[in-house]
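Contents: one structure, followed by commentary.
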Protein chains: 2
Amino acid sequence: MDDDKVFKALGDPTRRKLLDLLYENNGQTLNQLIDGLAMTRQSATQHLDILQAANLITTVKRGREKLHFINPVPLHDVYERWVRKFELQRLTMLYELKKELEGDNE
Amino acid sequence: MDDDKVFKALGDPTRRKLLDLLYENNGQTLNQLIDGLAMTRQSATQHLDILQAANLITTVKRGREKLHFINPVPLHDVYERWVRKFELQRLTMLYELKKELEGDNE
DNA sequence: TTGATATGCAGGCAAATACCTGCCTATTAT
DNA sequence: ATAATAGGCAGGTATTTGCCTGCATATCAA
């Protein structure tokens, strides 16, 4: 997985919206997806290209149409490498440490 | 949680590096964090401000020092809202659908 | 075949981003 | 008090980004 491509792809609200639209109805065409957005077809295409480069979607051509599908694998990788390791830390531990340090100068 | 701030904060490799550094050694000062990077103190400060605005870190002043701590809560929220729901979809299901559609025009 | 539909490709532009330099303030140590 | 240390604040700039317009190509339907 390319960490950077995935995070950058997720860093834009339009691209997250596209993933949401595909989650609701997988396999949509470009024109179908545009209906859920407020921008030109060309702009949406650029976003979809970025999602595909990050491997967050795959496409299948059917005649003159291009169907888009979510690939959940990179999202799971994000979870494994970025979320799970932080879940072991308890916020309460941080609070206690914070209070202790604040006590030093008050 | 502000989705957009969190995702944008995570969208930059330097900021992810900062979180990694804090994960290895929580509660570091600005100057300590700079040692792990290749940029000026001022630039690092801007990144840390963005992380704090996204609630991914909290800070505590101790004398002239400023200590930085990870807050794992937004990361967990990302998991809840973005990863878990996609985990229910099996990649194999997508593959089957993809094969079926490819069969339409081949 | 001819028109309509679905998408691809190229370039332009304004705003956001990630750096930087330079200078100022606050705290600590001698 | 004075110097060193830790950090804050204010621009300046080159690059990246997200959006657009305009035109080209490919497929389908009548």
Side-chain angles (χ1 to χ4, degrees), chain A residues 2-22 25 27-54 56-69 101-106, chain B residues 2-22 25 27-54 56-69 101-106:
Chain A
D2 187 331
D3 260 33
D4 199 49
K5 283 187 182 175
V6 174
F7 278 109
K8 283 202 171 135
L10 294 174
D12 181 86
T14 301
R15 291 192 284 272
R16 293 197 301 277
K17 173 83 176 179
L18 281 166
L19 290 179
D20 265 337
L21 290 171
L22 288 177
N25 192 4
Q28 293 186 68
T29 67
L30 174 54
N31 273 318
Q32 287 175 320
L33 289 169
I34 294 166
D35 282 341
L37 305 176
M39 65 179 54
T40 63
R41 173 179 57 80
Q42 290 87 336
S43 298
T45 299
Q46 292 177 335
H47 285 300
L48 289 167
D49 287 345
I50 290 170
L51 288 171
Q52 186 161 19
L56 283 161
I57 64 172
T58 21
T59 60
V60 181
K61 288 203 82 171
R62 184 177 56 181
R64 62 182 162 182
E65 294 179 325
K66 191 176 182 181
L67 310 182
H68 300 77
F69 299 91
L101 289 161
E102 282 173 338
D104 285 353
N105 61 345
E106 277 177 22
Chain B
D2 186 331
D3 259 35
D4 200 48
K5 283 188 182 175
V6 174
F7 278 109
K8 282 202 172 136
L10 294 174
D12 181 87
T14 301
R15 291 193 282 272
R16 292 197 302 277
K17 173 82 176 179
L18 282 165
L19 291 178
D20 265 337
L21 289 171
L22 288 177
N25 192 4
Q28 293 186 68
T29 67
L30 175 54
N31 275 316
Q32 287 174 319
L33 290 169
I34 294 166
D35 282 341
L37 305 177
M39 65 177 54
T40 63
R41 173 179 57 81
Q42 289 88 336
S43 297
T45 299
Q46 290 177 333
H47 285 301
L48 290 166
D49 287 346
I50 290 169
L51 288 171
Q52 186 162 20
L56 284 161
I57 64 173
T58 21
T59 60
V60 181
K61 289 202 81 170
R62 184 176 56 181
R64 62 180 162 183
E65 294 177 325
K66 191 176 183 181
L67 309 181
H68 300 77
F69 299 90
L101 290 161
E102 282 172 340
D104 284 352
N105 61 346
E106 276 176 24

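What you see is a predicted model, and the numbers here were worked out from it, not measured in a lab. Per chain, numbering begins at 1; letters A, B, ... match sequence-line order. Heavy-atom basis, side chains included; hydrogens, waters and symmetry copies ignored.
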Check: Where the side chain of Arg41(B) is defined as all heavy atoms beyond and including C-beta, which of dG7(D), dC19(D), dT7(C) is the nearest nucleotide?
Finding: dG7(D)
Check: Of the nucleotides dG7(D), dT17(D), dA10(C), which one has an atom closest to the side chain of Lys8(A)?
Finding: dT17(D)
Next item on the list: Select one nucleotide: of dG22(C), dG7(D), dC20(D), the one nearest the side-chain heavy atoms of Ser43(A).
Entry: dC20(D)
Next item on the list: Measure the distance from CG on Asn31(A) to C1' on dT5(C) and round it to the nearest whole Å.
Entry: 8 Å
Check: When the distance from CG of Asp35(B) to P of dG7(D) is rounded to whole Å, what number comes out?
Finding: 11 Å
Note to self: Can you say whether a donor on the side chain of Gln42(B) sits under 3.5 Å from an acceptor on the base of dG22(C), or the other way round?
What the structure shows: yes
Notebook entry, point to check: Gln46(B) has an atom CD; how far is it from atom C1' of dG8(D), in whole Å?
Noted result: 12 Å
Note to self: Quick one, Leu67(A) and Thr59(A) - any side-chain contact, counting heavy atoms below 4.5 Å?
What the structure shows: no
Next item on the list: Indicate yes or no: at least one non-hydrogen side-chain atom of Leu10(A) is less than 4.5 angstrom from one of Val6(A).
Entry: yes
Checklist line | Rounded distance (Å) that lies between atom P of dT17(C) and atom CG of Asp12(A) | finding: 11 Å
Margin query: When you measure from the side-chain N and O atoms of Lys66(A) to the phosphate of dG8(C), is any distance below 4.0 Å, counting only OP1 and OP2?
Written below: yes
Notebook entry, point to check: Taking CZ from Arg64(A) and C1' from dA29(D), how many angstroms apart are they, rounded to a whole number?
Noted result: 8 Å
Next item on the list: Ignoring backbone atoms, establish whether His47(B) has a side-chain N or O less than 4.0 Å from OP1 or OP2 of dC19(C).
Entry: yes
Check: Choosing from dC19(D), dG18(D), dG8(C), which nucleotide comes nearest the side chain of Ile50(A)?
Finding: dG18(D)
Check: dC19(D) C1' sits how many Å from Leu48(A) CG, rounded?
Finding: 15 Å
Notebook entry, point to check: If we only count heavy atoms from C-beta on, is the His68(B) to Thr29(B) side-chain gap below 4.5 Å?
Noted result: no
Notebook entry, point to check: Can you find a pair of side-chain heavy atoms, one from Leu18(A) and one from Leu37(A), that are under 4.5 Å apart?
Noted result: yes
Next item on the list: Identify which nucleotide among dC19(C), dG22(C), dA6(C) has an atom closest to any side-chain atom of Glu65(A), counting heavy atoms from C-beta outward.
Entry: dA6(C)
Checklist line | Thr40(A) side chain near dG18(D) phosphate (N/O to OP1/OP2, under 4.0 Å) | finding: no
Note to self: Using whole Å, what does the distance between atom C1' of nucleotide dC20(D) and atom CE of Met39(A) come to?
What the structure shows: 11 Å
Notebook entry, point to check: Quick one: are Met39(B) and Thr14(B) in side-chain contact, heavy atoms under 4.5 Å?
Noted result: yes
Notebook entry, point to check: CG of Leu30(B) versus P of dA6(D): gap in Å, rounded?
Noted result: 10 Å
